[in-house]
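Notes follow the structure.
Only a predicted model underlies this, so the values are computations on that prediction, with no experimental measurement involved. Throughout, numbering of the chain's residues begins at 1 and tracks the sequence.
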Amino acid sequence: LMNLTKKLIEIRSMLLSIDQNDALKLPSIVVIGSQSSGKSSVLEAIVGHEFLPKGNNMVTRRPIELTLVHTPTPPGGKPSEYGEFPGLGLGKIHSFSDIQRTLTDMNLAVPASEAVSNDPIDLRIYSPFVPDLTLIDLPGYVQIASLDQPESLKDKIAALCDKYIREPNIILAVCAADVDLANSPALRASRKVDPLGLRTIGVVTKMDLVPPEQGASILGGNRYPLHLGYVGVVAKATGKSNSERTSDVVKRKEDDFFGAHKNVFGSGSLMIGTDTLRKRLMEVLESSMASSLHGITNAVQLELEEATYQFKVQYNDRRITAESYVAETMDTLKARFQTSKAEFRKQVIREKLKMMLDDKVMDVLEQLYWLDKRAKELGDLALDSRVKGPEDVDSYWRHKLDAASSLLTKSGVGRDSTLLVADGLRAMIDSIASGEPFTYHSRAAERLISFSHDILRDRIGVASDQVENCIKPYKYEVEVEGREWELGRERAIGLFENEVTMCEKKLKDIRQKVGGSRRLGALVGYVRNLEEQDRERKERKFKASLNDDAGEEVEEPVAESYRYPAAQILDAKHAMLYTDRIAILKLRMNALRSKRCKAGPENDVFCPEAFLNVVADKLAYTSTMFLNIELLDQFFYEFPREIDSRLLYDLDRKEIVEFARENPIVRRHLDLQDRKDKLEEVMKQLNSLSTLRADPQPKPRRN
Ligand code: GDP
């Protein structure tokens, strides 16, 4: 029968880890009593050591699930006693004062404002001197809350005890002999749920503090009868030497006390002493476990059938592990990365860089040519048949062309192109990190982003220097071949055509906005007039200042500027800009289409656009080549390795499980699978017990 309890205690902890469902509970002994009733002393006498938190500051704030495991000393071996907190992973603790300290810390970790917590502490004690028992130590009932305890403390403790004294648990009601049983909160609570005392054992402590006859009469149980009876103890272990076991000291004291009053206690009809209590607890737990066996087997069977069914229906019996999920996720990540790699093919990068450089070319052209008052002159030159060749052109334009080329080559192409590609890579990573399944794994996503940004940060400086270095020759000289020239000329025309279309579209929008072309015409006329007046005014002012004619007041234009709303004036100004831009673009397109420009690169001074376009193309080509080596290849080489080393291999078993469980779909799958596995295991163990038959009736008290 011993074996049965032991097995069922194991099964009980497995069931507890499956869920807190009442139907799946095997009985345990719940220890209740008011503060100072001697609860701790009794538990320590059973365990044989002092291990519970001590102090007058409400030291038990959480339930302690205490599992005692009888471990016989191997023949010829030394007895070994130790404790374990399975929830903490501290391993075996051989010193009971360390156990006591850990329990104290865990209790004190409950904030004073909460005072008690429902979250139980799991403690196992292995020893050859303990019986197989499970006991739950609960905070003691308080009568009067002290000043620093919340009002509700009394109720909170009572509620916690009520939760634990439900069936099928056995209640160990601790009462002190020197306090009237009528005042025992433990007995009162027990009577509410177990009026006949079928599953309540009374423990009367401090028997030494009342006259023997009075103590004996309490144990007789006539006033408050309990089916399982009362056990009287003297659990005080004062005067214990370090080498002594608490249980031995207590036994000695009890022998002394009960021995001295043989006349009262010697008849054998009363249950006395902690030894008797220990045996009694074993008997009661055994029979209670045994009688729960049938019910629990049925309950587990039902739960198992349900879990098996659900597992089949929901997952088609497909098993997963946290590890497989993590590996799968990393594979998905790498696959997604491979796909995105295509966006960074040379061809694509080169086009992007070219677009960036085209913009730069436009800026340079605007700055150096379009705003130049002699711009029209250059256009005429290209079409003028009297001009024989570049040598007939004013050196002004030769300087312009050199300035334009150097503005472009010295515009920081190395840095800008590197940043452009790096930004593209960042955007790619950010988009991977914000997609499934990383939506569930925000911490991993953060790490992914942070380490890829790190790789980029490390590379950007080198890459940009390298690119800048490689385009250096173009800063001094650009050689253009005929074929290149022709391409550049055509591309320049294409770009200008786009630009004209864009400007026309903007003009159209403005025209619509202000209410038609007539209205816009009037507006523009008005603004031109204003500008003209303004110019004249400034001129007069200037002349006046030259004549030192400070006396003459120059009148300011009034009211006139209010004829149109400020927003429309602004529109008109924009319209003028676009019109001017279209005019110059058309002028330049004519030049680009001229025979002279078509003739070849020696005519570059007439058509700077074609020349700059060729330069931009060469810059884009060279930059792409070196960015590919210095940035992209490096990044695509390091990234998958970093995934492995920083996301994957970094994880220990616990973190792998945590990671997998962040995904709710995986969590549900794992939970159900785990539940099913555990239930199967419990069922197997329960079935193996069916050979052991047990007496299902708890024995009545002896008398
Ligand atoms: P708890 O608050 O219910 O856990 O009570 P304790 O076990 O801490 O005991 C309260 C006090 O009563 C302590 O000072 C114990 O030494 C003392 N005590 C416990 N059991 C006995 C007993 O059987 N006889 C005597 N004389 N004192 C006891």
Side-chain angles (χ1 to χ4, degrees), residues 344-370 372 378 390 393 395-424 459-496 499 588 591-592 597-633:
F344 295 90
R345 275 179 333 215
K346 264 194 199 154
Q347 189 54 36
V348 182
I349 296 291
R350 191 172 163 189
E351 269 161 30
K352 289 216 171 106
L353 290 186
K354 183 67 196 328
M355 269 162 67
M356 179 190 89
L357 285 159
D358 282 346
D359 280 347
K360 281 188 194 256
V361 169
M362 289 294 199
D363 288 345
V364 169
L365 288 173
E366 171 166 21
Q367 221 176 325
L368 287 184
Y369 289 93
W370 302 347
D372 190 318
L378 183 67
V393 175
S395 66
Y396 177 79
W397 295 112
R398 173 55 60 193
H399 288 308
K400 277 254 162 174
L401 185 64
D402 290 345
S405 172
S406 113
L407 255 184
L408 181 60
T409 53
K410 292 179 186 162
S411 64
V413 175
R415 207 194 69 240
D416 291 352
S417 59
T418 308
L419 289 181
L420 186 87
V421 175
D423 282 348
R459 299 298 319 167
I460 283 177
V462 186
S464 112
D465 286 352
Q466 281 294 339
V467 174
E468 198 63 46
N469 235 348
C470 298
I471 60 162
K472 206 168 174 180
Y474 299 124
K475 292 179 187 171
Y476 301 99
E477 200 188 358
V478 184
E479 278 181 38
V480 183
E481 288 170 17
R483 198 180 40 85
E484 289 174 332
W485 173 265
E486 186 49 26
L487 273 176
R489 196 184 63 86
E490 276 165 15
R491 280 194 307 256
I493 294 175
L495 281 177
F496 279 19
E499 185 79 8
R588 294 307 309 157
L592 280 165
C597 271
K598 280 182 183 162
E602 60 282 2
N603 293 315
D604 52 4
V605 73
F606 298 99
C607 357
E609 298 85 357
F611 177 73
L612 291 178
N613 215 296
V614 176
V615 177
D617 199 54
K618 286 176 185 281
L619 290 176
Y621 179 81
T622 311
S623 305
T624 305
M625 235 165 43
F626 284 92
L627 278 175
N628 211 45
I629 300 167
E630 297 295 337
L631 187 63
L632 289 165
D633 281 358

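Annotation: salt bridge (Lys or Arg N to Asp or Glu O under 4.0 Å) contacts of R398 (sequence neighbours excluded): D604. Qualifying side chain to side chain donor-acceptor pair (under 3.5 Å) partners for D358, counting only residues two or more places apart in sequence or in other chains: K354. Under the salt bridge (Lys or Arg N to Asp or Glu O under 4.0 Å) criterion, E366 pairs with R581, sequence neighbours left out. Under the rule for a side chain to side chain contact (heavy atoms under 4.5 Å, CB included), D465 has no partner lying at least two apart in sequence or in another chain. Looking at residues two or more places apart in sequence or on another chain, you find a side chain to side chain contact (heavy atoms under 4.5 Å, CB included) between L407 and V364, Q367, L368. With sequence neighbours excluded, no residue forms a side chain to side chain donor-acceptor pair (under 3.5 Å) with E479. Partners of S411 under the side chain to side chain donor-acceptor pair (under 3.5 Å) rule, at least two apart in sequence or in another chain, are K360. The side chain to side chain donor-acceptor pair (under 3.5 Å) test applied to K352 returns no partner, not counting sequence neighbours. Every residue two or more places apart in sequence or in another chain that forms a salt bridge (Lys or Arg N to Asp or Glu O under 4.0 Å) with D423 is listed here: R426. L419 is linked by a side chain to side chain contact (heavy atoms under 4.5 Å, CB included) to R415, I460, counting only residues two or more places apart in sequence or in another chain. Among residues two or more places apart in sequence or in another chain, the salt bridge (Lys or Arg N to Asp or Glu O under 4.0 Å) test is passed with K475 by E468. Judged as a side chain to side chain contact (heavy atoms under 4.5 Å, CB included), and not counting sequence neighbours, M355 has no contacts.
To the nearest 0.5 Å, the span separating CZ on R459 from CG on D633 amounts to 10.0 Å. The OH atom of Y621 lies 15.5 Å from the CD1 atom of I471; values are rounded to the nearest 0.5 Å. Atom CZ of R350 sits about 11.5 Å away from atom CG of L357, to the nearest 0.5 Å. Note that the CD1 atom of I349 and the CE atom of M625 stand 14.5 Å from one another [nearest 0.5 Å]. Interatomic distance, K472 NZ to K410 NZ, rounded to the nearest 0.5 Å: 11.0 Å. Note that CG of D617 and CG of L487 are 8.0 Å apart. Values are rounded to the nearest 0.5 Å.
Here the side chains of R588 and L378 are in contact, with some heavy-atom distance below 4.5 Å. Side-chain contact between F611 and V478 is present, with at least one heavy-atom pair separated by less than 4.5 Å.
For A492 against L592, the heavy-atom pair with the smallest separation is CB-CD1, 4.0 Å. Closest of all the heavy-atom pairs between V467 and S623 is CG1-OG, 3.6 Å. Here the shortest heavy-atom pairing between L408 and A616 reads CD2-N, 4.1 Å. Between V605 and P608, the closest heavy-atom pair is O-CD, 4.0 Å. Listed here is the closest heavy atom pair of L365 and F496: CD1-CZ, 3.9 Å.
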Query - Intermediate values then yes/no, side-chain contact (heavy atoms from CB on, under 4.5 Å), E609 and L495 - result: CA-CA 10 Å; E609 298 85 357; L495 281 177; over 6 Å; no
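In terms of modelled atom types and a separation under 3.5 Å, the side chain of W485 and the main chain of C597 share a donor-acceptor contact. No donor-acceptor distance shorter than 3.5 angstrom exists from the side chain of S405 to the backbone of L401, with no hydrogens or angles considered.
The side-chain contact (heavy atoms from CB on, under 4.5 Å) test with S417 singles out one residue from L619, L353, L631, T622, and that residue is L353. Paired with N613 under the rule side-chain hydrogen bond (donor to acceptor under 3.5 Å, both in side chains), one option of R489, R491, E484, E490 passes, and it is R491.
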